[in-house]
Amino acid sequence: MSETRTPQMRAVSQDTAGGPDVLKVITTDRPVPGPTEILVRVHAAGVNPTDWKTRAQGAFLTGAEAPFTLGFDVSGVVEEVGPGVTVLAPGDRVFGMPRFPHPAGAYADYVTAPARHFAPLPAGLDHLQGAALPLASLTAWQALVDTANVQPGARVLIHAAAGGVGHLAVQIAKSRGAYVIGTARQAKHDFLRGLGADELVDYTQQDFAETVRDIDVVLDTISGDYGARSLRTLRPGGTLVSILPLDDSFPAAQAREAGIRAGFMLVEPDQAGLRAVADLVNSGKLQVKVDTVLPLEEAAKAHTLGETGRTTGKIVLSVAP
């Protein structure tokens, strides 16, 4: 009797925390979808700051121990569905941010995850663009819409506006009718004006805290002292959303006295949010900037590039041929 072999796949794995050189391509068993799960053939995987932080520190958000496969952003095609799945079917083009903050294993040929952690990929996007969207766009959507409830006419300040989250946040805020101010280097101002930014501050030449006033909502994608400095820009009753933990020096009492709501937000898997983002893409109100595309085998190079902090938009790994 012949032995049935488990199908194999490529994955980028690490046995220990460290620099980009700890990432290596291995061959491993292809996963099998369980109840309510789908198996996705990964065509492209997005690269995010949380990826290189996890690589360097270990799975700091969940405590998962190495070895593990990085990657949270997936764009691909449904290969199989597990028992009970009704919302997606084999052959569907999908994008998503499955299992976050637990490692989803997107740097691989296949992933399994709950079906409702994915949504149909907008018709006009290829998989490279699709992989650039989920984590960054959901972060911006959940911060500006679900948390801050940005309304028409609101004055919104977005830090690192040309970054992965920032450039999508500019467009999401504009789609809500906001007046958008962004911080970015001068070289990126034309790009951001093209996305609809109303005002831009070159943080290398001037202190935004000295020049920007009457802000309703701040999206802080940097942390450090940016949170404390941003308080000076906010109106009483405003909102500061940080996508990183606020620095220990953040003056929480001062914020409360001014009636300012301030806190740290961690993005969550969210099919409704993905569908809302897809609607913006389909209506022409949201476009994603892919800065660099590298093959799966060059994940370490992608991390080295990302850690420079100088990319505009997103880095993406091409996985399927």
Side-chain angles (χ1 to χ4, degrees), residues 49 136-186 188-267 273 276-277 280 285-286 309 312:
S137 66
L138 280 179
T139 299
W141 180 268
Q142 292 174 11
L144 295 175
V145 180
D146 296 342
T147 303
N149 190 27
V150 169
Q151 295 295 309
R155 287 171 58 84
V156 177
L157 173 62
I158 297 169
H159 291 306
V165 172
H167 85 289
L168 297 169
V170 167
Q171 298 170 80
I172 289 171
K174 290 302 296 182
S175 77
R176 304 282 292 181
Y179 183 91
V180 177
I181 303 168
T183 62
R185 290 174 176 269
Q186 178 68 42
K188 300 182 179 182
H189 285 194
D190 286 345
F191 165 69
L192 289 166
R193 289 191 185 96
L195 299 181
D198 298 288
E199 285 184 39
L200 294 160
V201 177
D202 182 352
Y203 64 88
T204 70
Q205 300 298 319
Q206 58 185 138
D207 181 358
F208 71 87
E210 297 295 334
T211 59
V212 178
R213 290 291 182 271
D214 298 324
I215 295 298
D216 297 293
V217 176
V218 173
L219 176 55
D220 178 10
T221 67
I222 300 174
S223 192
D225 67 351
Y226 267 66
R229 292 163 61 203
S230 293
L231 287 182
R232 294 156 59 188
T233 73
L234 280 159
R235 291 172 173 165
T239 300
L240 186 154
V241 185
S242 176
I243 65 172
L244 295 165
L246 292 167
D247 188 87
D248 289 341
S249 64
F250 182 77
Q254 177 185 332
R256 287 193 297 270
E257 289 171 6
I260 291 170
R261 187 163 61 114
F264 160 54
M265 186 210 81
L266 187 63
V267 65
V277 166
L280 289 180
K285 295 180 179 179
L286 185 68
T312 300

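This one's a predicted model, so the numbers in the text were calculated from it and none came from an experiment. Numbers here are sequence positions counted from 1.
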Do you know the tightest heavy-atom contact between [X] and [Y]?
| X | Y | value |
| --- | --- | --- |
| Ser223 | Pro245 | OG-O, 2.8 Å |
| Ala148 | Val241 | CB-CG2, 4.4 Å |
| Thr183 | Ala160 | OG1-N, 3.1 Å |

Partners meeting side chain to side chain contact (heavy atoms under 4.5 Å, CB included) with [X] (sequence neighbours left out):
| X | value |
| --- | --- |
| Ala252 | Phe250, Arg256 |
| Ala276 | Trp141 |
| Thr204 | Arg185, Asp202 |
| Pro251 | Ala228, Leu231, Gln254 |

Quick one: salt bridge (Lys or Arg N to Asp or Glu O under 4.0 Å) partners of Asp225, sequence neighbours excluded?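 Scan of Asp225 (salt bridge (Lys or Arg N to Asp or Glu O under 4.0 Å), adjacent residues dropped) gives Arg229.
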Reported [atom1]-to-[atom2] distance for the pair [X] and [Y], which is rounded to 0.5 angstrom:
| X | Y | atom1 | atom2 | result |
| --- | --- | --- | --- | --- |
| Ile222 | His159 | CD1 | NE2 | 6.5 Å |
| Ile243 | Leu266 | CD1 | CG | 10.0 Å |
| Leu234 | Ile260 | CG | CD1 | 4.5 Å |
| Leu195 | Leu286 | CG | CG | 9.0 Å |

Sort and list the pairs that fulfil side chain to side chain donor-acceptor pair (under 3.5 Å) and have at least one residue in residues 236-247, not counting sequence neighbours.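 The answer is Asp247-Ser249.
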Under the rule for side-chain hydrogen bond (donor to acceptor under 3.5 Å, both in side chains), what residues qualify as partners of [X], not counting sequence neighbours?
| X | result |
| --- | --- |
| Thr221 | none |
| Gln151 | Asn149 |
| Asp146 | none |

Listing, residues 208-219 side-chain donor-acceptor contacts under 3.5 Å, not counting sequence neighbours, or none:
| from | atom 1 | to | atom 2 | distance (Å) |
| --- | --- | --- | --- | --- |
| Glu210 | OE2 | Arg232 | NH2 | 2.3 |
| Arg213 | NH1 | Ala209 | O | 2.7 |
| Arg213 | NH2 | Ala209 | O | 3.2 |
| Asp216 | OD1 | Arg235 | NH1 | 3.0 |
| Asp216 | OD2 | Arg155 | N | 2.8 |
| Asp216 | OD2 | Arg235 | NH1 | 3.2 |

Do the non-hydrogen side-chain atoms of Gln142 and Met265 ever get within less than 4.5 Å of each other? yes
Any side-chain heavy atom of Leu168 within less than 4.5 Å of one from Val277? no
Please tabulate, for side-chain N and O atoms in residues 171-182, each donor-acceptor pair with protein atoms closer than 3.5 Å (sequence neighbours left out).
| from | atom 1 | to | atom 2 | distance (Å) |
| --- | --- | --- | --- | --- |
| Gln171 | OE1 | Gln287 | N | 2.7 |
| Gln171 | NE2 | His167 | O | 2.9 |
| Gln171 | NE2 | Gln287 | O | 2.9 |
| Lys174 | NZ | Ala178 | O | 3.2 |
| Lys174 | NZ | Asp198 | OD1 | 3.3 |
| Lys174 | NZ | Asp198 | OD2 | 2.9 |
| Ser175 | OG | Ile172 | O | 2.6 |
| Arg176 | NE | Val150 | O | 3.1 |
| Arg176 | NH2 | Val150 | O | 3.2 |
| Tyr179 | OH | Glu199 | OE2 | 2.6 |

